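Working notes, structure below.
Since the model is a prediction, treat every value here as computed from it, not as a measurement.
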Amino acid sequence: MDQMPIDHVELVQIFSAESEENLREMEVGFVQLESTPADAETLQAIFRAAHTIKGNAAGLGFSALAKFAHGVEDVLDGLRNGANVLTTPLATTLLEAVDALRRLVADAVKGTDALLREHVDLLEDLRVEASLALVGDGSVLQAGSERRESDRRIGTGRRWRDLHDGRSRTLRVAIEKLDRIVNLTGEIAVARERLADLLDGHDRMRRTEEILEVHRAADRLFMDLQEEVMKVRMVPLGPTFRQFVRTIRDVATAQGKQAYLELSGEDVDVDMNVIEHLRDPLTHIIRNALDHGIEMPEERRALGKPSSGRIFLQAWHEGGSIVIRVQDDGAGLDRARVIERARAMGYGTDVEKLPDGDLFRLILDAGFSTASEVTEYSGRGVGLDVVRRNVEQLRGSISIESRAGAGTSFTLRLPLTLAIIRGFSVGVEDETYVMPLDAVVECIEFPQANRADQSSRGVINLRGQALPYLRLRDCFRLGGDRPERENVLVLRHHDQRVGLVVDRLFGESQTVIKPLNRVLGELPGVSGSAILGNGRVALILEVDGLMRAALRHAASESGLPAPGTTTQGWTGDGAVS
C-alpha cells in the first residue's frame, strides 16, 4: 500500500504558526515569573513551550535551531529543579533568547538553518547569568553583568517587532465554523439551481411570486454565509494585549521604574486586520505613558501612591464598534505646559479657553510635544501623531482625558471590521459617496435662509446651536450648478457636530470596502472605495479628514484652534489638493 506523500511546505507553515504561539507564551511567562518566581505552573508551561519548539525543529531537520532551543531548555531545567532562581538579569537574557528563537524560526522557515556568532555568544551569556543566579543557603548569588544588562535592555522588543511585521499571515479556524460555511455554501448552490430552473421556465409571469420567494431565501442564506465568513476573521484581543506585558517590562526596567499591566476584555473579538493596525498605536501610547506618565518609585511613594505604576488596558464592544482604552495612574497632563507649547507653535493666544478634551487632543498633532528632553522612547512629537493617523486610517477616533496627579487615559473607538461597513450613501452631481453610518447623527434640509450663501463652508443654526458645515461639492471640486434643494448630513466629530452639505440622500446600505490603489497614495478625506449595484465606483469618505477642514474654518473665525487640525492635503478654499 502506497503511503500518502508528506507536504513539507505545509508542515513548515504549521511549525511557524505553532512556534509563534509557544514563543509568545514564553515571553509573557518570563515577565510573570519576575514578580512571582515561585509560580511552578508558569515555569512548567515555559519549559513545555521550549521543549516543543526543540522537538518540532529537530523533526523538521532544523538542527541549529534545535541546538539553540536545547541550550535555553537547559537553563529552564535549572530553574525548574530549584538550582537557579530567576533574577532580573537572567530574565532579560532569557527574553533576548526568545527574540533570537523568533529570528531562528523565521530564518529556518525561509531555508536558512545556522547559528551565528551572536547566537553562540547569547547562549554563553545565558549560562553565565544562570551560574550567577545559584541558590545556596537560602540566598541568591547575583553578580555584575550590569553592563551587558544595560547594553541589551533597550533593543529587545524592537528586533521582535521588525520580525513580526514581516511574518506570514495565518489564522487558525475552528472546524465547526468551516462546517457551517460548507453547509451554507451547499444550501446556496441548491437555491441557485432552483432559481435558474424557474427563470428558464416558459411561464415566467405566473411564477413571479415563486421566483421572488426563492430569491429572498437565497438572499437570507447569502447574508448568513457573509456573517459566518466575517466571524472567521474575528480573533480575540487577548494575545495582542498580552504582548504589551513585555513592552512595559522592558521600558520600565530601562528607566528604573516599576510598572505592571492590568487587562480587561481579552475575550473581545475584532477583525484580524484591525488587530494588525492596532499594534503600533498601542505601543506608542503605552511607551508614552511609561516615559511621561508613570513616576519614579520614590516619587510615587512620596505622593502616597504604590511604588509600582499601573497601566490598565481594556476593551469592550459598543454598538458596531470596538472601544479600547489605555489608562495610567501617573502624573497626568500638565494643562499649563500644553497651553505654553500650543502658543509656541502658533495656535493662538486664546488657546486656554479650550475645554480639556479639545486642548489635550492638540498633543496628537505632528511636532507637538511637552517633553522637556528627548528620550529614546518619546519627546520628538512624532509618536502620538502616528497614533492619530493610524487610528484615522482605521476609520476610528481617539479621545484623551487627564487629571493632574491622577493619570491619563486614551480611548480609541474603531470599527469591528475593515471589510464591510454600514454606510450612508449621498450624491453630488453624478457621483455617489459613502459615509460610515455610525458617524451620521441626522439629516436635515439646508436652510432656505442660507441658500444665498455660495461659499464652500460656513455656519448654520441647528435648533439654536451653531453648526459649522462644509460643502462636499467644493471639497472635491466637482463644479456644476447647485440644485434648488440641498441636504445637510449632521456628523459626529469627537464631542462636536459638523454638517456636510450634499445634493441628494440615498440612505443606508451595507458596503464592501475596496482599498485604493497605492499609486493614489493617501487622499485626505477618503478611506477607500466601493462598487455600487450599477457597477460604478463610490468613494468612502473619512470623517475626521473632512471635518477638520470645516472646524478649522469655524475656528479661524473665532480665533481658536480647531482640535487636532492640520492643513496638509487641503487648499485654502477647502478643496483636496
Please check if the side chain of [X] supplies one atom and the backbone of [Y] the other of a donor-acceptor pair under 3.5 Å.
X	Y	answer
E266	P236	no
H284	P281	no
D356	E401	no
D39	L33	no

Item to complete: Start with the C-alpha gap between F241 and L261, add the side-chain angles, then the distance that decides, and say whether side chain to side chain contact (heavy atoms under 4.5 Å, CB included) holds.
Response: CA-CA 9 Å; F241 278 6; L261 180 66; 5.7 Å; no
Discussion item. By the salt bridge (charged side-chain N to carboxylate O under 4.0 Å, His left out) test, which pairs, at least two apart or in different chains, include something from residues 78-95?
Written reply: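 Counting only pairs at least two positions apart or across chains, the salt bridge (charged side-chain N to carboxylate O under 4.0 Å, His left out) contacts touching residues 78-95 are D77-R80.
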Practice prompt. Would you mind checking if D291 and R287 are paired as a salt bridge, meaning a charged N to carboxylate O distance below 4.0 Å?
Written response: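 A salt bridge is absent here (no side-chain N lies under 4.0 Å from a carboxylate O).
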Item to complete: Please identify each residue that fulfils side-chain hydrogen bond (donor to acceptor under 3.5 Å, both in side chains) with T408, with sequence neighbours left out.
Response: S402
Worksheet item: Which residues satisfy the side-chain hydrogen bond (donor to acceptor under 3.5 Å, both in side chains) test with T247, sequence neighbours excluded?
Response: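 Testing T247 for side-chain hydrogen bond (donor to acceptor under 3.5 Å, both in side chains), a comparison that skips the adjacent residues, returns none.
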Worksheet item: Does the pair R127 and E124 meet the rule for a salt bridge (charged side-chain N to carboxylate O under 4.0 Å, His left out), with working shown?
Response: CA-CA 5 Å; R127 284 190 286 269; E124 179 60 28; 3.3 Å; yes
Roughly how far apart are [X] [atom1] and [Y] [atom2], rounded to 0.5 Å?
X	Y	atom1	atom2	answer
H292	L384	NE2	CG	8.0 Å
F410	D328	CZ	CG	8.0 Å
I181	L184	CD1	CG	8.0 Å
S131	L90	OG	CG	9.5 Å
L94	L126	CG	CG	5.0 Å
L101	I53	CG	CD1	5.5 Å

Side-chain touch [X]/[Y], heavy atoms, less than 4.5 angstrom:
X	Y	answer
T36	T42	no
L95	E27	yes
V268	Q314	no
Y260	V31	no
H119	L122	no
L359	L333	no
L104	D113	no
R103	L116	no

Worksheet item: Between F62 and F15, how do the two ring planes meet: parallel, tilted or perpendicular, split at 30° and 60°?
Response: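 F62 vs F15 ring planes: tilted.
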So, for [X] and [Y], which heavy atoms are closest and what is the spacing to 0.1 Å?
X	Y	value
I322	A315	CD1-CB, 4.3 Å
S16	V105	CA-CG1, 4.5 Å
P415	V270	O-CG2, 4.4 Å
I311	A289	CD1-CB, 4.3 Å
R180	E228	NE-OE1, 3.2 Å
A108	L65	CB-CD2, 4.4 Å

Worksheet item: With sequence neighbours left out, which residue pairs that include part of residues 51-71 fulfil the side-chain hydrogen bond (donor to acceptor under 3.5 Å, both in side chains) condition?
Response: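 Sorted pair list: H51-E73, K54-H70, K54-E73.
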Fill in: Counterpart residues, salt bridge (Lys or Arg N to Asp or Glu O under 4.0 Å), relative to R310 (two or more places apart)
E262
Practice prompt. List in chain and number order the residues that pass salt bridge (Lys or Arg N to Asp or Glu O under 4.0 Å) with D271, two or more places apart in sequence or in another chain; answer none if no residue qualifies.
Written response: R233
Discussion item. Pair L278, T240 - check side chain to side chain contact (heavy atoms under 4.5 Å, CB included), show working.
Written reply: CA-CA 9 Å; L278 264 178; T240 298; 5.5 Å; no
Discussion item. Using the rule salt bridge (charged side-chain N to carboxylate O under 4.0 Å, His left out), only one of K305, R403, R300 pairs with D329; which is it?
Written reply: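 So the option named by the test is R300.
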Practice prompt. Mind running side chain to side chain contact (heavy atoms under 4.5 Å, CB included) on V98 and E25 for me, showing each step along the way?
Written response: CA-CA 10 Å; V98 171; E25 184 175 2; over 6 Å; no
Worksheet item: Do R24 and E20 pass the salt bridge (charged side-chain N to carboxylate O under 4.0 Å, His left out) test, and can you show the C-alpha distance, the side-chain angles, and the key distance before you say yes or no?
Response: CA-CA 6 Å; R24 190 180 300 150; E20 176 56 36; 3.6 Å; yes
Item to complete: Report the C-alpha distance between R325 and W316 in whole Å, list the side-chain angles of each, state the deciding distance to 0.1 Å, and finish with yes or no for side chain to side chain contact (heavy atoms under 4.5 Å, CB included).
Response: CA-CA 9 Å; R325 178 170 293 159; W316 67 91; 3.8 Å; yes
Worksheet item: Does CD in E298 sit with more than 12 non-hydrogen atoms of other residues, nucleotides or ligands closer than 6.0 Å?
Response: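 For E298, atom CD is crowded (more than 12 foreign heavy atoms under 6.0 Å).
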